[in-house]
2 protein chains.
Amino acid sequence: MKLREAARRAGVSHNAPYRHFPDRDALLAALAAEGFRMLGEELDGRSGGDMGEAYVRFALAHPNRFRLMFGGQLELRKHAGLREAAGRTYEALLAAFRARRDVANPERAAAAAWSLVHGLAQLMLDGHFSEGAKRPDFVREVIGAVRFAAAQRSA
Amino acid sequence: MKLREAARRAGVSHNAPYRHFPDRDALLAALAAEGFRMLGEELDGRSGGDMGEAYVRFALAHPNRFRLMFGGQLELRKHAGLREAAGRTYEALLAAFRARRDVANPERAAAAAWSLVHGLAQLMLDGHFSEGAKRPDFVREVIGAVRFAAAQRSA
DNA sequence: GTGATATGTTGACAGTGTCTACATCTCGTC
DNA sequence: GACGAGATGTAGACACTGTCAACATATCAC
C-alpha cells in the first residue's frame, strides 16, 4: 500500500513509479483494473452457482486485490476505466440470468446474486463466519441456500 | 482518516488523542465498535426483509462508518471487542432465522441473508448498480428477489 | 496544602506522497 | 555515424503524517 516501499522492494528509486503513473492513486487504479480483468477471466464460461463459487474463490485467492477493487478508497467514479471494467463483469452476470427462463426478473435476480456472492466473499475475508467457514463446502452451501423468485409467480 | 487532521478539527493539539487511545488504530477500532452498536440498535426488533432493509439503510446513512467496520484495514482479529460486537449482530440474525419454521437450514440461510444485504450495501456504496439503484424501492426489490431453501425439501 | 492522576501541549524523529531538477538510455532522422 | 527527442531513471526538497518523550496544568482524594 505504500509507494516508496514498493519502489524499494522493486529495487528502484522512490520516484521511479512517477515515470509510469501520474500518482499513487493511478497506480492502484491500474492494479484494480487488472484485477477486474482477472476476475472476468475466472467467471468466463461459468454460470449459476458455479459462477458464484468462482467469484468467492477469486476473492479468497487474492484478498488484497479484491479489497483494492472494492474497498472504496479508489473513488471509482474518478477512474472511468475502472467503472467500465466492473460494469463489464456485471453485464456478463446479467446475461447469464437473462438466458434463464425460470427467473421472474433477471435484473433483480442478477443484482441479488452479485450482492450475495460479493457479501459472502467480503465477510469471509474479514473473518466473520469463523466457525462455519472451515467446512470445505461452506461457500457452495451458502450459495445453494437461496432461490430466486420464480417466473409466473407474483414477486 | 487522519489523526492530526481530526485533532486540528476538534481544536486540540495533534497529540491530545494519545491521552485517550494508545494509537490511531485503537481510535478507529473504538469508532467501529460504536458502529456495530449503532447497527445493532437499528436491527433490533426487526426481522426478515425489514431487517435487511435496515442493514442497507444504515450502510448508506453512514458510509464511512460502515467502510471502517468492514473495510478490512482494522485487522479484526486483533481487536477482541470488535469481533465480539460483530458476532453479536450475527447472533441476532441467526436467532431470527431459527425462529422461522419454513427454512431448511437456519445457519446457511442466515449466512446467505447476511451476505446478501452486506454485499448489496457494499456494492451500492461503491457506486455499482448506478442505473437501477435510483429507484426508491431498489433495496426492497433486490432483497425480495431471493427465497431461502424451504424446509422438508432437499437442498 | 500536597501528592497523584488525568489531560493537554510542544518539539522532535522517521517515513510518506509529490514536485522540481538533473542524468542517462534508446531510437528515428538527417 | 551524429544528433535531438522522448522515455525512463535518480537525488533533493517540501509539507505532511503517526508516534514518542518531556514538560505543563487541572482535578481531586486525603
Side-chain angles (χ1 to χ4, degrees), chain A residues 1-39 59 62-86 122 125-128, chain B residues 1-39 59 62-86 122 125-128:
Chain A
M1 287 297 224
K2 301 188 204 180
L3 194 54
R4 287 171 102 111
E5 187 180 332
R8 238 176 350 247
R9 208 173 309 187
V12 295
S13 82
H14 69 275
N15 256 333
Y18 281 84
R19 295 295 131 184
H20 304 266
F21 303 93
D23 61 2
R24 180 175 171 279
D25 251 37
L27 204 188
L28 293 179
L31 285 172
E34 188 191 48
F36 278 114
R37 254 176 275 127
M38 292 160 58
L39 175 59
H62 312 282
N64 295 328
R65 205 49 156 261
F66 189 78
R67 274 202 258 262
L68 175 62
M69 292 158 64
F70 292 104
Q73 66 269 71
L74 235 49
E75 301 286 344
L76 193 58
R77 75 198 80 88
K78 286 187 181 174
H79 303 269
L82 255 192
R83 148 157 268 135
E84 190 204 6
Q122 190 94 38
L125 276 187
D126 276 17
H128 308 92
Chain B
M1 284 296 223
K2 300 187 205 180
L3 194 53
R4 285 172 103 111
E5 189 181 331
R8 238 176 349 246
R9 208 173 309 188
V12 295
S13 81
H14 68 274
N15 255 333
Y18 281 85
R19 295 294 130 185
H20 303 267
F21 303 93
D23 59 5
R24 180 175 170 279
D25 250 39
L27 204 187
L28 293 180
L31 286 172
E34 189 191 48
F36 278 113
R37 252 174 278 127
M38 292 159 60
L39 175 58
H62 313 282
N64 296 327
R65 205 53 155 259
F66 189 78
R67 274 203 257 263
L68 175 63
M69 293 158 64
F70 292 105
Q73 67 269 73
L74 234 50
E75 301 287 344
L76 192 61
R77 74 198 78 89
K78 287 187 180 175
H79 303 270
L82 257 192
R83 147 157 268 133
E84 191 205 6
Q122 190 91 40
L125 276 187
D126 277 16
H128 307 93

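Below, read A as the first sequence line, B as the second, and so on, with proteins coming before strands; counting in each chain starts at 1. Not measured: the values here are computed from a predicted model.
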Practice task
Tell whether B:D25 reaches the base of D:dG18 with its side chain through a donor-acceptor pair below 3.5 angstrom.
Solution key: no
Practice task
Measure the distance from CG on A:D23 to P on C:dG17 and round it to the nearest whole Å.
Solution key: 11 Å
Practice task
Figure out the NE2/C1' separation between B:H14 and C:dT9, and round it to whole Å.
Solution key: 8 Å
Handout entry: Under 3.5 Å donor-acceptor, A:R37 side chain and A:A32 backbone
Key = no
Fill in the blank from the handout: note: A:N15, atom CG; C:dC22, atom C1'; distance rounded to Å ~ 12 Å
Practice task
For residues A:F36 and A:F66, establish whether the separation of their ring centroids is below 6.0 Å.
Solution key: no
Exercise for the section: Kindly indicate whether the side chain of A:M69, heavy atoms from C-beta on, has any atom under 4.5 Å from the side chain of A:L39. Expected result: yes
Problem - Atom pair distance, as rounded to whole Å: NE2 in B:H20 and C1' in C:dT5 - result: 13 Å
Handout entry: N/O donor-acceptor pair under 3.5 Å between A:R67 side chain and A:H62 backbone
Key = no
Problem - Nearest-angstrom distance from the residue atom OH of A:Y18 to P of D:dG12 - result: 18 Å
Practice task
With DNA chain C as reference, determine whether A:E5 or A:R19 sits nearer its 5' end, using the nearest nucleotide of each.
Solution key: A:E5
Exercise for the section: Report the distance from atom CZ of A:R4 to atom P of D:dG18, rounded to the nearest whole Å. Expected result: 17 Å
Exercise for the section: Specify the separation, in whole Å, of atom CZ of B:R8 and atom P of D:dA15. Expected result: 14 Å
Completion exercise
Rounded to whole Å, CZ of A:F21 lies from C1' of D:dT8 at a distance of 13 Å
